[in-house]
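Structure first, commentary second.
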Amino acid sequence: MPMEKTFNAAEAEARISKTWLDTRAFRAGANAKPGHPAFSVMIPPPNVTGSLHMGHAFNNTLQDILTRWHRMKGDDTLWQPGTDHAGIATQMVTEREMAKNGEPSRRDMGREAFLSRVWQQKAQSRGTIIGQLQRLGASCDWDREAFTMSGAPNAPEGEEGNFHDAVIKVFVDMYNKGLIYRGKRLVNWDPHFETAISDLEVENTEVAGHMWHFKYRLAGGETYEYVEKDENGAVTLRETRDYISIATTRPETMLGDGAVAVHPSDERYAPIVGKMVHLPLCDRLIPIITDEYPDPTFGSGAVKITGAHDFNDYAVAKRANLPCYRLMDTRAQMRADGAPYAEAVARAREIAAGSPTNESEVDSLNLVPEKYRGLDRFEARKQVIADINAIGLSVTTLIKETDPETGSEHLRREPVVEAKKIMQPFGDRSKVVIEPMLTDQWFVDTAKIVEPALDAVRTGQTKIIPESGEKTYYHWLENIEPWCISRQIWWGHRIPVWYGPNLQMVEAGIKLRAEHDSQEKLLGRSLTADERWAIIDKHVATASSVPQEFCAENKDKAAQLAQEFYGTNTKIHFQKDDVWSLRSAAGAFTGGYEDGVNTISLFRDPDVLDTWFSSGLWPIGTLGWPEQTPELQKYFPTSTLITGQDIIFFWVARMMMMQLAVVNEVPFKTVYLHGLVRDAKGKKMSKSLGNVIDPLEIIDEYGADALRFANAAMASLGGVLKLDTARIAGYRNFGTKLWNACRFAEMNGVWEGHRTQTQPPQASATVNKWIIGETAKAAAEVSEALENYRFDQAADTLYKFVWGKVCDWYVEFAKPLFDGEQAGETRETMAWVLDHCMILLHPMMPFITEELWATTGTRAKLMVHTDWPELPARLIDAPSMAEMTWVTTLIDDIRSARAQVHVPAGLKLDLVATAMTETAQAAWANNAPLIQRLARIDTLTHTTTAPKGAITVAAEGATFAIPLAGVIDIAEEKARLQKTLDKLAKEIGGLNGRLKNPAFAASAPEEVVEECRTNLAAREDEAAKLTAAMTRLSEIG
RNA sequence: GGGCGGUUAGCUCAGCGGUAGAGCACUACGUUGACAUCGUAGUGGCCACUGGUUCGAUCCCAGUACCGCCCACCA
């Protein structure tokens, strides 16, 4: 059956993909040759509920090109696929889906039920992205598909695997090595998802904000002389003040202020440092303290310090040992819990006066006055401002107003509110304003594991390309902050830590148990819950609030650790999962108590790990670690990681740190970083802009190969990736071009009885020798480009070779040859050349090449397993190359000359040679039919004198004339010649200028000088010929 | 504020010491033994600006302007 005119991608891709999958063509080690190295790539796992976007398409195309290339080379190749459980994102997607379906909410169904619901969601979505990757042609070993939550305790059937075990083991190991710790820190809190997030998950965005100025009055009605001076020390303002002025962009946080800070060098406030001020709206006094943090030149120079809701203030509060009062709940509403305000503030005053306290008590005190309790933080802000304005504690300014009716002017006082651009933190997922929040969280002590990760890149053990990526990497790692890894969500790896009472609490527990029992005996009844809690609180308050941690792989091991810790005289009991607090932990003492054996209650930490903690273990986790699997032996460290530069910190740096910390090896030898795929204009693709290009639609329209080739072509190192559909269409056309060259070959019997040949035929015709050489050249260039991750150069080379050399010239040259003596050799050559086009293109365009491969000959193996060529340089035959350059240049020149003087394209002309060197004559003789055909020349005659009324074409070693007396417009031909002469003159001028400069001859390398001379001679020769032609034309007209 | 990149044909980009290239777009012609998803020919550039190094700079260095991206705690 003859070939169709075009490749039917829609039909063929599915069929070919099935063949690959059915034959397990992508399995690890497929096509591996003995003695060849391993080549392994870890896919950046897409979110399990995600779908393929252009970034994936780009990223995976590059991985696939490398993988297919190495597989063809015979390397032991593994491309490890899989998906990420993507904690917050997946939980969000599932909850949204549940809401849509009218299912009960997450909290209503409870943790266990919700988790199985997420697993269900995962099962549903998983096929989507995997199928989409397969449509792209991704040659992953699909039998090895991994999942970052596989083997989790609640995983359903079919989700076995040990990724979860690996994650937990790493946590436990790192914990035991002191690399992971828990602490109450100020963290970024996402009020929408009600979880902590890491620094990296915060997006700082500039928004329009306001700055308000408040007065905090000095206690006891004290006053001071407030003096401002200019830079020369001259007094510019002097007044008696009974207040200090502070500025804030977040007025609602003033309710939690612990102090006002000024710079120690700030003379304006020197008289009042150490004095107390009234905190407006609150019955509290706070001190004026000094700290290096306030900038005397900014605002009033005085800063309110709210330790629990601002990162800078927190640092100041720590230095000054100020209590940090938390004002908001997990949803960033003003707290409504705890004791009434009057009670809380009374206790706060005691604490301020020096009464002993601890972190947990401070945290439990709700210092939000009743009227603000339960308000959203932004609502509270409005209220606070209004209330401060009302009591006259805003800094005001005088405004002159004109009464529109009477025209009379009067002055009015108005609070100063500055409009100001402020940087505001937003959650990268939730897009809500992030609240610094003082909570207990788990951290990786990154400072302790960062050095090996830095060294690995510094020493070149791991190479990052482009090189600028290394600078970014260093910059971040050298300034690394502790990594908050606990998340207050449900979908994820639960932190393997159980809490029990610390020894102080055990002691307190024994005491409270005694009190509890004696009370009951005294009253002769059971205590009420309130009575019981009162006892508990009394005893717990004096104990350290830090719980005893038991970090272990599982419950049993935790129990074992606990038993060892508390001694045999205790009974270990696990509290229900979802509730935990130290208060209730202590409360457990009032529960099971039998025969002098204390019941110790353990609670498992309800939090889960940051998704990036588990994906940080992707390289070893997917290979079966902690088992020492053969795959781990063979494929780790992996060869190349290809990923977006946007996750260099999230993922790359953390993989480096974690792999080094866990197995003391780098996870990969090379990291290839690429930018974000943007639209043709360079804009970010976004739904709101409506410029999103869906890779699947592109595949439907142009085929996967076109998209892939476009991706490769735009993958220049470090550049911005602008995707233009016009370009994709162009590469689809490129595929068609190759297709039709093969179709042409088919029509000419090239494929008859063809079997794959690694070595080219012994060619006698220059054209065949030439194209064999061009093929060898292209193959070498493509290999080199891929070696250097220059996908763009590989694509460019192939495009130019296949279209510009094979199709434009070789196919045309072959046409006359098929009729001659060298027909057989030419058929063989063409088959070999086209085979190599397919092979070299296969990593980039796998579908069309696999299809052509099957269509065009008898093949021992699928294209996907065909050997990558290593063609010896001797195939590049210099004389043939030179001769064909002469031929193609001559054809180009004749065509150009004809077109410029408007000779009809179809008209065959005679050619007259007025001068020809031996080389030129040989070149002509060898290729006459080719030239005649392509330049539309009838005959070649030789004369010594050029005919009059002819156009002239100068070639190397020859001058040709095309007699056109009466046909051509003399003026037009003169113009044409003049144009060429002008160009030559410019070149000659340049070359001459250089050669005549003595410094040039003295300093430039010999070969450059020589090349200049040769060039000049050639140009001058050509110019002479054309000048002569010009003269002849002038003689006529 | 700190860091990293970019500025080359109308558009999107290569090139990065020897005097500028591709694709697309555009113009003219064209069914020449595969291909109109095509062919042939052509138009189009003080390679951002200013200095410096060099025999020679689009390319190296310094500065300027503009444009991106990343990081950052000015209340």
Side-chain angles (χ1 to χ4, degrees), chain A residues 3 5-7 199-200 204 211 246-250 253 261 293-295 297-306 310-315 422-423 425 436 466 468-469 471-472 474-476 479 645-646 648-649 675-676 680-682 702 706 710 713-714 716 718-720 722-724 726-727 729-748 792-793 796 799-800 804 807-808 811-812 815-816 818-819 892 895-900 902 904-906 908 933-934 936 986-987 990-991 993-995 997-1005 1008-1009 1011-1012 1015:
Chain A
M3 286 170 72
K5 267 190 155 184
T6 55
F7 171 59
D199 301 348
L200 287 175
N204 291 300
M211 193 150 80
I246 60 95
T248 181
T249 55
R250 305 205 45 201
T253 64
Y293 162 61
D295 174 0
T297 64
F298 183 85
S300 68
V303 184
K304 63 188 268 307
I305 300 300
T306 320
D310 182 282
F311 285 96
N312 287 313
D313 293 6
Y314 181 68
I422 54 172
M423 284 303 254
S468 62
K471 293 182 190 168
T472 315
Y474 295 140
H475 188 76
W476 190 68
N479 299 289
Q645 57 202 194
D646 52 331
I648 181 168
F649 309 136
L676 233 61
K681 297 269 161 58
Y702 302 102
M714 65 185 188
S716 66
V720 182
K722 293 181 196 171
L723 188 73
D724 190 353
R727 207 161 163 192
Y731 293 128
R732 185 266 324 264
N733 298 353
F734 174 59
T736 308
K737 191 76 182 170
L738 173 71
W739 182 268
N740 277 290
C742 293
R743 182 162 162 263
F744 166 81
E746 183 196 44
M747 290 170 166
N748 287 281
D792 58 327
Q793 281 179 2
D796 190 54
Y799 190 93
K800 285 180 172 149
C807 294
D808 284 351
V811 167
E812 294 303 325
K815 287 173 184 173
F818 282 143
D819 301 330
D892 276 343
R895 280 172 168 175
S896 176
R898 288 173 57 122
Q900 282 179 67
H902 301 121
K908 290 203 166 190
R933 181 187 176 84
L934 294 182
R936 314 239 90 205
K986 203 178 138 198
E987 283 179 48
L991 290 164
R994 257 193 283 168
L995 286 166
N997 182 346
F1000 174 70
S1003 323
V1008 172
V1009 179
E1011 195 192 329
C1012 257
N1015 267 340

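Sequence lines set the chain letters: A, B, ... in the order given, protein chains first and strands last, and positions in each chain run from 1. Since the structure is predicted, the reported quantities are computational estimates derived from the model, not experimental observations.
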Rounded interatomic separation in angstrom, taking CD from A:Glu746 and P from B:rG33: 18 Å
If you measure from the C1' atom in B:rC60 to the same atom in B:rC26, how many Å do you get, rounded? 37 Å
Of the nucleotides B:rA72, B:rG33, B:rG42, which one has an atom closest to the side chain of A:Ser896? B:rG42
Where the side chain of A:Ser468 is defined as all heavy atoms beyond and including C-beta, which of B:rA34, B:rA75, B:rG5 is the nearest nucleotide? B:rG5
Which nucleotide wins on minimum distance to the side chain of A:Ala247, given the candidates B:rG15, B:rC71, B:rA75? B:rA75
To the nearest 0.5 Å, how far apart are CD1 in A:Ile305 and OH in A:Tyr314? 14.0 Å
A:Ala897 or A:Pro816: which one's nearest nucleotide on RNA chain B is closer to the 5' end? A:Pro816
Given the ring of A:Phe1000, does A:Arg994 sit roughly above its face, with NZ or CZ under 6.0 Å from the centre of the six-membered ring and within 45° of the axis? yes
Suppose you measure atom C1' in B:rG33 against the same atom in B:rG42; what distance do you get, rounded to whole Å? 27 Å
Would you say a side-chain N or O of A:Asn204 is under 4.0 Å from OP1 or OP2 of B:rA72? yes
Touch check for A:Asp646, heavy atoms < 4.0 angstrom, all strands: base, sugar-phosphate only, or nothing? nothing
For B:rA36, does either OP1 or OP2 sit under 4.0 Å from a side-chain N or O belonging to A:Lys5? yes
Quantified in whole Å, what is the C1' atom distance between nucleotide B:rG23 and nucleotide B:rC66? 27 Å
Students often get this wrong, so: under 4.0 angstrom with heavy atoms, is A:Gly804 touching a base, only sugar-phosphate, or nothing? nothing
Could you tell me whether A:Cys807 contacts a base, only the sugar-phosphate backbone, or nothing, with contacts defined as non-hydrogen atoms closer than 4.0 Å? base
Secondary-structure stems for RNA chain B, with pairs counted as Watson-Crick or G-U when both distances are under 3.5 Å and runs at least 3 long: B:1-7 with B:65-71, B:10-13 with B:21-24, B:26-30 with B:38-42, B:48-52 with B:60-64
Does one side chain, of A:Arg743 or A:Asn740, offer a donor that lies under 3.5 Å from an acceptor on the other? yes
Of A:Ala713 and A:Arg743, whose closest RNA chain B nucleotide lies nearer the 5' terminus? A:Ala713
Can you find a donor-acceptor N/O pair under 3.5 angstrom joining the side chain of A:Arg732 to the base of B:rU37? yes
Using a heavy-atom cut-off of under 4.0 Å over every strand shown, decide if A:Met423 touches base, sugar-phosphate, or nothing. base
Hydrogens and angles aside, do A:Lys5 and A:Thr736 bring a side-chain donor and acceptor to less than 3.5 Å of each other? no
Per-nucleotide protein contact string for nucleotides 55-62 of chain B (B base, S sugar-phosphate only, - none; heavy atom under 4.0 Å): B-------
What is the distance from CZ of A:Arg898 to P of B:rA41, rounded to the nearest Å? 12 Å
Compute the centroid of each ring, for A:Tyr799 and then for A:Tyr731, and state whether the two points are separated by less than 6.0 Å. yes
Taken to the nearest whole Å, CG/A:Asn312 to C1'/B:rC73 is 3 Å
Tell me whether the side-chain N or O atoms of A:Lys737 pair up with the base of B:rC35 as donor and acceptor below 3.5 Å, since no angle test is needed here. yes
Among B:rA34, B:rC35, B:rU40, find the nucleotide with the atom closest to the side chain of A:Arg895. B:rU40
Close N/O contacts between protein and nucleotides 20-28 of chain B (under 3.5 Å):
none

Any idea which of B:rA41, B:rU37, B:rC74 is nearest the A:Phe298 side chain? B:rC74
In terms of ring plane angle, is the pair A:Phe744 and A:Phe818 parallel, tilted or perpendicular, where the classes change at 30° and 60°? tilted
Verify, without hydrogens or angle tests, whether A:Asn479 (side chain) and A:His475 (backbone) share a donor-acceptor contact under 3.5 angstrom. yes
Among the candidates B:rG42, B:rA34, B:rA75, find the nucleotide nearest to the side-chain atoms of A:Met211. B:rA75
What contact category does A:Asp819 fall into here, base, sugar-phosphate, or nothing, at under 4.0 angstrom with non-hydrogen atoms? base
Which nucleotide in the list B:rC4, B:rU37, B:rG42 gets nearest to the side chain of A:Lys471? B:rC4
Figure out the CZ/C1' separation between A:Phe311 and B:rC71, and round it to whole Å. 15 Å
Which part of the nucleic acid does A:Pro998 contact within heavy-atom distance under 4.0 Å: base, sugar-phosphate only, or nothing? nothing
